[in-house]
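For reference, the structure is listed below as C-alpha coordinates.
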Amino acid sequence: MSNNKEKIEVKNLTASSNVTAEKAVAPAFAAKIDSCTLITSIQKDLLRAHDFAMSQDRSTTFVLSDFNLQLKAVVTQEGEKTMLALPTKQGDLDPNTMSTLNLTLRPVPLTVKPVTGTRPVESIEGIGSVLGGRLRDIGIADVSDLALASPEDLVKLRIPLTKANEFISMAKLMVKSNIAGVEGVDEQVAELLVVAAKIDSKEKLAQTSPEELTAILSDAIETGKVKVPKTFNLTVEDSTRWVASAKTLVDRTRASTQ
Amino acid sequence: MTSPFTFFSIISEFLYEANEGLDQATQASKDQPVAFTIPQIEIELNGKVIRDEELEMVPSNAFESNYYGDKGESKLKLTFKLVPGEQNV
(Lines give C-alpha, C1' and ligand atoms only; values in the text may rest on other atoms or scores of the structure.)
Protein backbone atom coordinates (compact mmCIF):
# COMPACT_ATOMS: atom_id res chain seq x y z
CA MET A 1 0.00 0.00 0.00
CA SER A 2 1.06 3.63 -0.27
CA ASN A 3 3.67 4.96 2.02
CA ASN A 4 3.79 8.70 2.63
CA LYS A 5 7.52 8.59 3.16
CA GLU A 6 8.08 7.50 -0.38
CA LYS A 7 8.21 10.21 -2.98
CA ILE A 8 6.02 8.73 -5.65
CA GLU A 9 5.20 11.06 -8.44
CA VAL A 10 2.11 9.89 -10.22
CA LYS A 11 0.83 11.78 -13.21
CA ASN A 12 -2.01 10.93 -15.51
CA LEU A 13 -1.21 10.65 -19.17
CA THR A 14 -3.01 13.25 -21.20
CA ALA A 15 -5.77 11.94 -23.42
CA SER A 16 -4.31 12.34 -26.84
CA SER A 17 -4.51 10.46 -30.08
CA ASN A 18 -0.78 10.97 -30.59
CA VAL A 19 0.49 8.08 -28.50
CA THR A 20 4.07 7.91 -29.57
CA ALA A 21 7.19 6.10 -28.62
CA GLU A 22 8.51 9.37 -27.18
CA LYS A 23 5.70 9.35 -24.70
CA ALA A 24 6.45 5.81 -23.71
CA VAL A 25 10.07 6.58 -22.98
CA ALA A 26 9.48 10.02 -21.44
CA PRO A 27 11.06 10.29 -18.01
CA ALA A 28 9.35 9.88 -14.71
CA PHE A 29 5.66 9.42 -15.17
CA ALA A 30 3.23 6.73 -14.45
CA ALA A 31 -0.43 6.25 -15.26
CA LYS A 32 -2.92 5.41 -12.60
CA ILE A 33 -5.53 2.77 -13.15
CA ASP A 34 -7.93 0.92 -10.86
CA SER A 35 -8.10 -2.88 -10.97
CA CYS A 36 -11.62 -2.90 -12.40
CA THR A 37 -10.66 -0.70 -15.38
CA LEU A 38 -7.53 -2.77 -15.89
CA ILE A 39 -9.46 -6.05 -16.10
CA THR A 40 -12.29 -4.67 -18.25
CA SER A 41 -9.77 -3.05 -20.63
CA ILE A 42 -7.98 -6.37 -21.09
CA GLN A 43 -11.29 -8.22 -21.45
CA LYS A 44 -12.41 -5.76 -24.13
CA ASP A 45 -9.21 -6.38 -26.10
CA LEU A 46 -9.58 -10.14 -25.72
CA LEU A 47 -13.17 -10.06 -27.00
CA ARG A 48 -12.03 -8.07 -30.03
CA ALA A 49 -9.28 -10.65 -30.58
CA HIS A 50 -11.83 -13.47 -30.26
CA ASP A 51 -14.01 -11.84 -32.93
CA PHE A 52 -10.92 -11.44 -35.11
CA ALA A 53 -9.99 -15.13 -34.71
CA MET A 54 -13.54 -16.28 -35.46
CA SER A 55 -13.70 -14.13 -38.60
CA GLN A 56 -10.76 -16.06 -40.12
CA ASP A 57 -11.95 -18.04 -43.11
CA ARG A 58 -10.42 -21.37 -42.14
CA SER A 59 -11.59 -24.81 -41.11
CA THR A 60 -9.14 -24.69 -38.24
CA THR A 61 -7.73 -21.64 -36.63
CA PHE A 62 -5.58 -20.49 -33.77
CA VAL A 63 -7.33 -18.86 -30.87
CA LEU A 64 -5.95 -17.39 -27.70
CA SER A 65 -6.59 -19.87 -24.92
CA ASP A 66 -4.78 -18.34 -21.96
CA PHE A 67 -3.79 -14.82 -21.23
CA ASN A 68 -1.35 -14.35 -18.36
CA LEU A 69 -0.11 -10.97 -17.35
CA GLN A 70 2.37 -10.36 -14.61
CA LEU A 71 2.16 -6.68 -13.96
CA LYS A 72 4.62 -4.60 -12.00
CA ALA A 73 2.87 -1.68 -10.42
CA VAL A 74 2.95 0.59 -7.42
CA VAL A 75 -0.19 0.31 -5.35
CA THR A 76 -1.35 3.79 -4.33
CA GLN A 77 -4.39 5.31 -2.76
CA GLU A 78 -6.65 7.89 -4.36
CA GLY A 79 -9.37 8.87 -1.92
CA GLU A 80 -11.14 5.66 -0.96
CA LYS A 81 -9.94 3.87 -4.03
CA THR A 82 -6.85 1.69 -4.38
CA MET A 83 -5.10 2.46 -7.60
CA LEU A 84 -2.29 0.86 -9.54
CA ALA A 85 0.41 3.20 -10.79
CA LEU A 86 1.97 1.78 -13.92
CA PRO A 87 5.63 2.66 -14.15
CA THR A 88 7.08 3.68 -17.48
CA LYS A 89 10.64 3.80 -18.63
CA GLN A 90 12.53 5.93 -16.17
CA GLY A 91 11.64 7.87 -13.11
CA ASP A 92 12.00 8.25 -9.42
CA LEU A 93 10.10 5.10 -8.58
CA ASP A 94 12.03 2.74 -6.40
CA PRO A 95 11.85 -0.80 -7.81
CA ASN A 96 11.35 -2.06 -4.27
CA THR A 97 8.03 -0.23 -3.99
CA MET A 98 6.56 -2.13 -6.88
CA SER A 99 4.09 -4.93 -6.35
CA THR A 100 3.50 -7.85 -8.63
CA LEU A 101 0.04 -8.52 -9.94
CA ASN A 102 -0.66 -11.81 -11.68
CA LEU A 103 -3.67 -11.87 -13.95
CA THR A 104 -4.93 -14.92 -15.84
CA LEU A 105 -7.82 -14.63 -18.22
CA ARG A 106 -9.21 -17.78 -19.76
CA PRO A 107 -12.05 -18.12 -22.25
CA VAL A 108 -14.99 -20.04 -20.83
CA PRO A 109 -17.36 -21.64 -23.33
CA LEU A 110 -20.98 -20.81 -22.76
CA THR A 111 -23.10 -23.76 -21.79
CA VAL A 112 -26.21 -24.47 -23.79
CA LYS A 113 -29.14 -25.46 -21.62
CA PRO A 114 -31.35 -28.09 -23.25
CA VAL A 115 -34.84 -26.71 -23.61
CA THR A 116 -37.80 -28.68 -24.85
CA GLY A 117 -40.42 -27.37 -27.22
CA THR A 118 -40.06 -24.22 -29.29
CA ARG A 119 -37.28 -22.01 -28.12
CA PRO A 120 -37.42 -18.29 -28.80
CA VAL A 121 -34.39 -16.63 -30.39
CA GLU A 122 -33.81 -14.83 -27.09
CA SER A 123 -32.57 -18.11 -25.63
CA ILE A 124 -29.36 -17.45 -27.54
CA GLU A 125 -26.74 -15.47 -25.64
CA GLY A 126 -26.48 -11.96 -27.05
CA ILE A 127 -30.01 -11.78 -28.47
CA GLY A 128 -32.26 -9.61 -26.37
CA SER A 129 -35.89 -8.58 -26.73
CA VAL A 130 -35.12 -5.74 -29.19
CA LEU A 131 -33.06 -7.86 -31.57
CA GLY A 132 -35.48 -10.77 -31.03
CA GLY A 133 -38.36 -8.55 -32.19
CA ARG A 134 -36.45 -7.50 -35.31
CA LEU A 135 -35.66 -11.15 -36.13
CA ARG A 136 -39.32 -12.11 -35.74
CA ASP A 137 -40.24 -9.28 -38.12
CA ILE A 138 -38.30 -11.04 -40.90
CA GLY A 139 -39.76 -14.45 -40.06
CA ILE A 140 -37.07 -15.79 -37.73
CA ALA A 141 -39.21 -16.66 -34.74
CA ASP A 142 -37.34 -19.41 -32.97
CA VAL A 143 -34.00 -21.18 -32.74
CA SER A 144 -34.89 -23.62 -35.55
CA ASP A 145 -35.58 -20.71 -37.93
CA LEU A 146 -32.32 -19.08 -36.94
CA ALA A 147 -30.39 -22.31 -37.59
CA LEU A 148 -31.67 -22.25 -41.17
CA ALA A 149 -31.12 -18.51 -41.72
CA SER A 150 -28.26 -17.15 -43.80
CA PRO A 151 -25.76 -14.69 -42.30
CA GLU A 152 -26.83 -12.18 -44.98
CA ASP A 153 -30.38 -12.13 -43.55
CA LEU A 154 -28.97 -11.07 -40.22
CA VAL A 155 -26.52 -8.57 -41.69
CA LYS A 156 -29.52 -6.77 -43.20
CA LEU A 157 -30.62 -6.13 -39.62
CA ARG A 158 -27.26 -4.40 -39.02
CA ILE A 159 -25.88 -7.36 -37.10
CA PRO A 160 -22.12 -7.62 -37.75
CA LEU A 161 -21.21 -10.61 -39.93
CA THR A 162 -19.07 -12.20 -37.21
CA LYS A 163 -21.91 -11.94 -34.74
CA ALA A 164 -24.40 -13.27 -37.31
CA ASN A 165 -22.24 -16.36 -37.89
CA GLU A 166 -21.93 -16.84 -34.16
CA PHE A 167 -25.70 -16.67 -33.60
CA ILE A 168 -26.39 -19.13 -36.43
CA SER A 169 -23.71 -21.55 -35.20
CA MET A 170 -25.15 -21.39 -31.71
CA ALA A 171 -28.66 -22.04 -33.07
CA LYS A 172 -27.41 -25.03 -35.10
CA LEU A 173 -25.70 -26.41 -32.03
CA MET A 174 -28.86 -26.07 -29.95
CA VAL A 175 -31.00 -27.71 -32.62
CA LYS A 176 -28.57 -30.59 -33.02
CA SER A 177 -28.38 -31.10 -29.27
CA ASN A 178 -32.14 -31.62 -29.28
CA ILE A 179 -31.84 -34.53 -31.72
CA ALA A 180 -28.73 -35.88 -30.03
CA GLY A 181 -29.08 -39.34 -28.58
CA VAL A 182 -31.10 -40.78 -31.45
CA GLU A 183 -29.44 -43.99 -32.60
CA GLY A 184 -27.39 -43.51 -35.77
CA VAL A 185 -27.84 -39.73 -35.82
CA ASP A 186 -24.45 -38.11 -35.93
CA GLU A 187 -23.68 -34.46 -36.67
CA GLN A 188 -23.98 -35.03 -40.43
CA VAL A 189 -27.39 -36.69 -40.17
CA ALA A 190 -28.60 -34.06 -37.68
CA GLU A 191 -27.72 -31.30 -40.13
CA LEU A 192 -29.42 -33.23 -42.94
CA LEU A 193 -32.60 -33.65 -40.87
CA VAL A 194 -32.68 -29.98 -39.85
CA VAL A 195 -31.83 -28.42 -43.20
CA ALA A 196 -33.60 -30.79 -45.60
CA ALA A 197 -36.61 -32.03 -43.61
CA LYS A 198 -36.86 -29.24 -40.99
CA ILE A 199 -36.88 -31.86 -38.27
CA ASP A 200 -35.30 -30.30 -35.24
CA SER A 201 -36.57 -32.45 -32.38
CA LYS A 202 -36.99 -36.07 -31.38
CA GLU A 203 -40.78 -35.52 -31.24
CA LYS A 204 -40.95 -34.40 -34.89
CA LEU A 205 -38.69 -37.25 -35.97
CA ALA A 206 -40.84 -39.81 -34.11
CA GLN A 207 -43.93 -38.67 -36.01
CA THR A 208 -42.34 -38.91 -39.44
CA SER A 209 -42.83 -41.74 -41.89
CA PRO A 210 -39.47 -43.40 -42.70
CA GLU A 211 -40.35 -43.71 -46.41
CA GLU A 212 -41.33 -40.03 -46.70
CA LEU A 213 -38.23 -39.01 -44.80
CA THR A 214 -35.97 -41.04 -47.08
CA ALA A 215 -37.59 -39.45 -50.14
CA ILE A 216 -37.16 -35.88 -48.78
CA LEU A 217 -33.55 -36.44 -47.74
CA SER A 218 -32.59 -38.19 -50.99
CA ASP A 219 -34.08 -35.32 -52.97
CA ALA A 220 -32.18 -32.75 -50.88
CA ILE A 221 -28.92 -34.62 -51.46
CA GLU A 222 -29.51 -35.06 -55.20
CA THR A 223 -30.44 -31.41 -55.75
CA GLY A 224 -27.44 -30.23 -53.74
CA LYS A 225 -29.59 -28.53 -51.10
CA VAL A 226 -27.46 -30.33 -48.53
CA LYS A 227 -23.87 -31.32 -49.18
CA VAL A 228 -22.79 -34.71 -47.86
CA PRO A 229 -19.57 -36.69 -48.27
CA LYS A 230 -19.41 -38.95 -51.34
CA THR A 231 -19.29 -41.97 -49.05
CA PHE A 232 -22.63 -41.04 -47.46
CA ASN A 233 -25.25 -43.64 -48.33
CA LEU A 234 -28.88 -43.19 -47.33
CA THR A 235 -31.32 -46.10 -47.16
CA VAL A 236 -34.90 -46.61 -45.92
CA GLU A 237 -33.43 -48.85 -43.22
CA ASP A 238 -31.49 -45.85 -41.85
CA SER A 239 -34.61 -43.69 -41.69
CA THR A 240 -36.57 -46.52 -40.08
CA ARG A 241 -33.88 -46.92 -37.42
CA TRP A 242 -33.79 -43.16 -36.65
CA VAL A 243 -37.57 -42.88 -36.40
CA ALA A 244 -37.84 -46.00 -34.22
CA SER A 245 -35.08 -44.75 -31.91
CA ALA A 246 -36.73 -41.31 -31.67
CA LYS A 247 -40.06 -42.96 -30.76
CA THR A 248 -38.38 -45.00 -28.02
CA LEU A 249 -36.70 -41.89 -26.58
CA VAL A 250 -39.90 -39.84 -26.68
CA ASP A 251 -41.89 -42.65 -25.01
CA ARG A 252 -39.21 -42.98 -22.35
CA THR A 253 -39.30 -39.22 -21.66
CA ARG A 254 -43.10 -39.26 -21.42
CA ALA A 255 -43.02 -42.25 -19.04
CA SER A 256 -40.48 -40.56 -16.78
CA THR A 257 -42.48 -37.34 -16.54
CA GLN A 258 -45.78 -39.07 -15.74
CA MET B 1 11.65 -1.44 -30.31
CA THR B 2 9.93 1.03 -28.04
CA SER B 3 6.64 1.42 -29.89
CA PRO B 4 3.71 0.70 -27.62
CA PHE B 5 0.99 -1.71 -28.72
CA THR B 6 -2.41 -2.61 -27.40
CA PHE B 7 -3.10 -6.17 -26.31
CA PHE B 8 -5.58 -6.53 -29.15
CA SER B 9 -3.04 -5.53 -31.79
CA ILE B 10 -0.38 -7.93 -30.55
CA ILE B 11 -2.88 -10.81 -30.24
CA SER B 12 -4.44 -10.24 -33.66
CA GLU B 13 -0.99 -9.87 -35.22
CA PHE B 14 0.14 -13.19 -33.76
CA LEU B 15 -3.17 -14.87 -34.65
CA TYR B 16 -2.82 -13.70 -38.23
CA GLU B 17 0.76 -14.92 -38.48
CA ALA B 18 -0.04 -18.26 -36.81
CA ASN B 19 -2.95 -18.88 -39.15
CA GLU B 20 -0.90 -17.91 -42.19
CA GLY B 21 1.76 -20.40 -41.04
CA LEU B 22 -0.92 -23.04 -40.56
CA ASP B 23 -2.20 -22.49 -44.09
CA GLN B 24 1.28 -22.68 -45.59
CA ALA B 25 2.15 -25.83 -43.61
CA THR B 26 -1.11 -27.46 -44.71
CA GLN B 27 -0.39 -26.58 -48.33
CA ALA B 28 3.20 -27.82 -48.10
CA SER B 29 2.19 -31.19 -46.65
CA LYS B 30 -0.81 -31.66 -48.94
CA ASP B 31 0.83 -34.45 -50.96
CA GLN B 32 2.77 -35.91 -48.07
CA PRO B 33 1.80 -39.12 -46.26
CA VAL B 34 1.98 -37.40 -42.88
CA ALA B 35 1.37 -33.85 -41.78
CA PHE B 36 2.83 -32.13 -38.76
CA THR B 37 0.81 -29.46 -37.07
CA ILE B 38 1.55 -27.14 -34.18
CA PRO B 39 -1.10 -27.65 -31.51
CA GLN B 40 -0.01 -24.76 -29.33
CA ILE B 41 2.10 -21.62 -29.41
CA GLU B 42 3.29 -19.86 -26.29
CA ILE B 43 4.76 -16.40 -26.21
CA GLU B 44 6.28 -14.55 -23.31
CA LEU B 45 7.08 -10.88 -23.60
CA ASN B 46 8.90 -8.61 -21.23
CA GLY B 47 7.99 -4.98 -21.12
CA LYS B 48 6.19 -2.16 -19.43
CA VAL B 49 2.47 -1.66 -19.31
CA ILE B 50 1.35 1.91 -19.83
CA ARG B 51 -2.03 3.46 -20.25
CA ASP B 52 -3.27 6.29 -22.38
CA GLU B 53 -6.78 5.87 -23.69
CA GLU B 54 -6.18 2.14 -23.89
CA LEU B 55 -3.84 -0.23 -22.12
CA GLU B 56 -0.60 -0.52 -23.99
CA MET B 57 2.64 -2.36 -23.59
CA VAL B 58 6.12 -1.20 -24.46
CA PRO B 59 8.40 -4.15 -25.18
CA SER B 60 11.80 -4.11 -23.50
CA ASN B 61 14.43 -2.32 -25.47
CA ALA B 62 17.65 -4.27 -25.55
CA PHE B 63 19.57 -1.23 -26.76
CA GLU B 64 18.71 0.91 -23.77
CA SER B 65 19.48 0.32 -20.18
CA ASN B 66 16.50 -0.71 -18.14
CA TYR B 67 16.28 1.43 -15.06
CA TYR B 68 14.06 -1.00 -13.21
CA GLY B 69 15.84 -4.15 -14.22
CA ASP B 70 14.05 -7.40 -13.55
CA LYS B 71 12.10 -5.90 -10.69
CA GLY B 72 10.19 -3.44 -12.81
CA GLU B 73 9.27 -5.41 -15.86
CA SER B 74 5.88 -6.82 -16.57
CA LYS B 75 5.52 -10.14 -18.36
CA LEU B 76 2.91 -10.85 -20.95
CA LYS B 77 2.30 -14.54 -21.57
CA LEU B 78 0.12 -15.58 -24.48
CA THR B 79 -0.99 -19.12 -25.26
CA PHE B 80 -2.55 -19.90 -28.59
CA LYS B 81 -4.25 -23.22 -29.15
CA LEU B 82 -5.34 -24.82 -32.36
CA VAL B 83 -9.05 -25.48 -32.45
CA PRO B 84 -11.33 -26.66 -35.23
CA GLY B 85 -14.32 -24.39 -35.31
CA GLU B 86 -17.66 -25.04 -36.92
CA GLN B 87 -18.18 -21.33 -37.48
CA ASN B 88 -14.99 -21.17 -39.51
CA VAL B 89 -15.91 -23.83 -42.04
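Numbered from 1 within each chain, the chains take letters A, B, ... in sequence-line order. A quick note: this is a predicted structure, and the numbers were derived from the prediction, not measured.
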Worksheet entry | Inter-residue atom distance B:E44.CD - A:N68.CG, 0.5 Å rounding | 9.0 Å

Discussion item. So, taking the atom named OG1 in A:T100 and the one named NZ in B:K75, what distance separates them when rounded to the nearest 0.5 Å?
Written reply: 9.0 Å

Fill in: Top contributor to chain B contacts, counting heavy-atom pairs under 4.5 Å, from A:L69, A:L101, A:T37, A:L103
A:L69

Worksheet item: Among A:L64, A:L46, A:I42, who wins on heavy-atom pairs under 4.5 Å with chain B?
Response: A:L64

Practice prompt. Go through the steps to decide whether B:L78 and A:F67 satisfy the test side chain to side chain contact (heavy atoms under 4.5 Å, CB included), and finish with yes or no.
Written response: CA-CA 5 Å; B:L78 303 174; A:F67 183 95; 3.5 Å; yes

Item to complete: Begin with the C-alpha distance, continue with both residues' side-chain angles, and end with the deciding distance and a verdict on side chain to side chain contact (heavy atoms under 4.5 Å, CB included) for A:I33 and B:V49.
Response: CA-CA 11 Å; A:I33 186 169; B:V49 174; over 6 Å; no

Fill in: Full working for side chain to side chain contact (heavy atoms under 4.5 Å, CB included) between A:D45 and B:E54
CA-CA 9 Å; A:D45 267 357; B:E54 292 181 274; 4.1 Å; yes

Worksheet item: Under 6.0 Å from the CD1 atom of B:I38, do we count more than 12 heavy atoms belonging to anything else shown?
Response: no

Worksheet, complete the sentence: In short, B:S74 meets A:K72 closest at the heavy-atom pair OG-N, 3.0 Å

Discussion item. Can you give me the closest heavy-atom contact between B:L15 and A:F62, atom names plus distance?
Written reply: CD2-O, 2.8 Å

Sort [X] into side chain, backbone, both or neither according to what part of it lies under 4.5 angstrom from a heavy atom of chain A.
X	answer
B:L22	side chain
B:F14	neither
B:E13	neither

